[in-house]
2 protein chains.
Amino acid sequence: MKILPQELLDRIGCFEKGLQRAGVKITHQRQEIFRELAQSPDHPDAEMVCRSVRKRVPTISLDTVYRTLWLLMDLGLISTLGASRASTRFDANTKPHHHFVCSRCSSTLDFSCPEFDHLDIPHGVKALGYPEKTRVEVLGVCLQCKKTRPKAHNSERRE
Amino acid sequence: MKILPQELLDRIGCFEKGLQRAGVKITHQRQEIFRELAQSPDHPDAEMVCRSVRKRVPTISLDTVYRTLWLLMDLGLISTLGASRASTRFDANTKPHHHFVCSRCSSTLDFSCPEFDHLDIPHGVKALGYPEKTRVEVLGVCLQCKKTRPKAHNSERRE
DNA sequence: TCCTAATTAACAATGATTCTCAGGTAGGAG
DNA sequence: CTCCTACCTGAGAATCATTGTTAATTAGGA
């Protein structure tokens, strides 16, 4: 599942357009960091990105990598796997269940739905591994937030 | 979405049975920690659990909470939201897509599947908030791990 | 009741991520 | 094309979540 050259160019185009639209400077470092992430078929962490970028920009600091990644995140140009940073959250519900995740406050609520426990897996997934079960995340706005901050913008990191 | 008393008793039953089966001592602290988590309708982190338990057991230490939670995790009595701890991983793919997650090495691979982007949301979810989109995680064993460690056991925390 | 291995609390240590600040640079104004 | 300034970066210290170490404590079988 390598990233296709065409796809890579698309992503880089979006990136430059995105920075410009936001009135943010297009620096050498930002370009290299984004390119590195955009061409990774897996999902590296900040340290891995930093290590790779250092091959070409030996003085880049891990700090800059973090700052850049969170900036791109705020601009909606990249995302994180799972809830970004914050401390690990625990769940005593061992029955199969699914989550409603609020995109504003990122609170997470359980619900059950037997149909979601074993969805029909598309054919292409066989190339990745042996599926055992499925889990669904419904993203939306929770009742609380709908009332409290009807138009909150993104960048709802931390907590 | 409060936890029902019956459900709580079930969970506590599982907990005690689980510890006994594993030959692990049932201490006051472990009981209080589990009870606290089991009766939370949301998904607290270790610190929140610790704070709540301290109301009843003022000397409990945060480390004990962590150790207990990971122990219960290894015994399969609780789970974590998203990949437990480890560093944040980034994703430059902004198109809607889904993830295949390996339950052994927790590597995560992207795939797309338009049907999964907007699943039919069950009725009960309306009580939680306003859904916008859906995302599916397929859990299974990746090709790599199937070859390398055909029978790996759970507790595959860290990285 | 006694004994011992399992468990705990306190505190030090680690690893990820963020802050502070002084120097550097993109890119619009002239 | 050069200058200027606000935005960026690198370095190192600081912070926060989580884990390791150790001596004292306790569950629960003998």
Just how far, in rounded Å, is [atom2] of [N] from [atom1] of [X]?
X	N	atom1	atom2	answer
B/Leu72	C/dT7	CG	C1'	14 Å
A/Gln31	D/dC8	CD	C1'	14 Å
B/Arg30	C/dT7	CZ	C1'	6 Å
A/Trp70	D/dT9	CH2	C1'	19 Å
A/Leu71	D/dT9	CG	P	9 Å
A/Leu19	D/dC8	CG	P	9 Å
A/Leu75	D/dC8	CG	P	10 Å
B/Gln20	C/dA6	CD	C1'	15 Å

With the sugar-phosphate defined as primed atoms, P, OP1 and OP2, and the base as all remaining atoms, what B/S/- string results for nucleotides 9-16 of chain C, 5' to 3', for protein heavy atoms under 4.0 Å?
BBB----S
Suppose the criterion is ring-ring contact (aromatic ring centres under 6.0 Å, His included): which pairs have a residue in residues 18-41 of chain A, not counting sequence neighbours?
A/Phe15-A/Phe34
[X]: what forms a side chain to side chain donor-acceptor pair (under 3.5 Å) with it, not counting sequence neighbours?
X	result
A/Arg135	B/Glu137
B/Glu7	A/Lys95, B/Arg11
B/Lys55	none
A/Thr27	none

Any pair counted as salt bridge (charged side-chain N to carboxylate O under 4.0 Å, His left out), so long as it reaches residues 61-70 of chain A, sequence neighbours left out:
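Residue pairs with at least one partner in residues 61-70 of chain A: A/Asp63-A/Arg67.
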Donor + acceptor pair across side chains of A/His98, A/Asp110 (<3.5 Å):
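Their side chains do not contain a donor-acceptor pair, so the 3.5 Å distance test is not met.
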How long is the gap from CD1 on A/Ile60 to CD on A/Glu32, to the nearest 0.5 Å?
8.0 Å
Short N/O separations, protein against nucleotides 26-30 of chain D, under 3.5 angstrom:
from: D/dA27; atom 1: N3; to: B/Lys25; atom 2: NZ; distance (Å): 3.2
from: D/dG28; atom 1: OP1; to: B/Ile26; atom 2: N; distance (Å): 3.0

Residues pairing under side chain to side chain donor-acceptor pair (under 3.5 Å) where one sits in residues 13-26 of chain A, two or more places apart or in two chains, turn out to be none
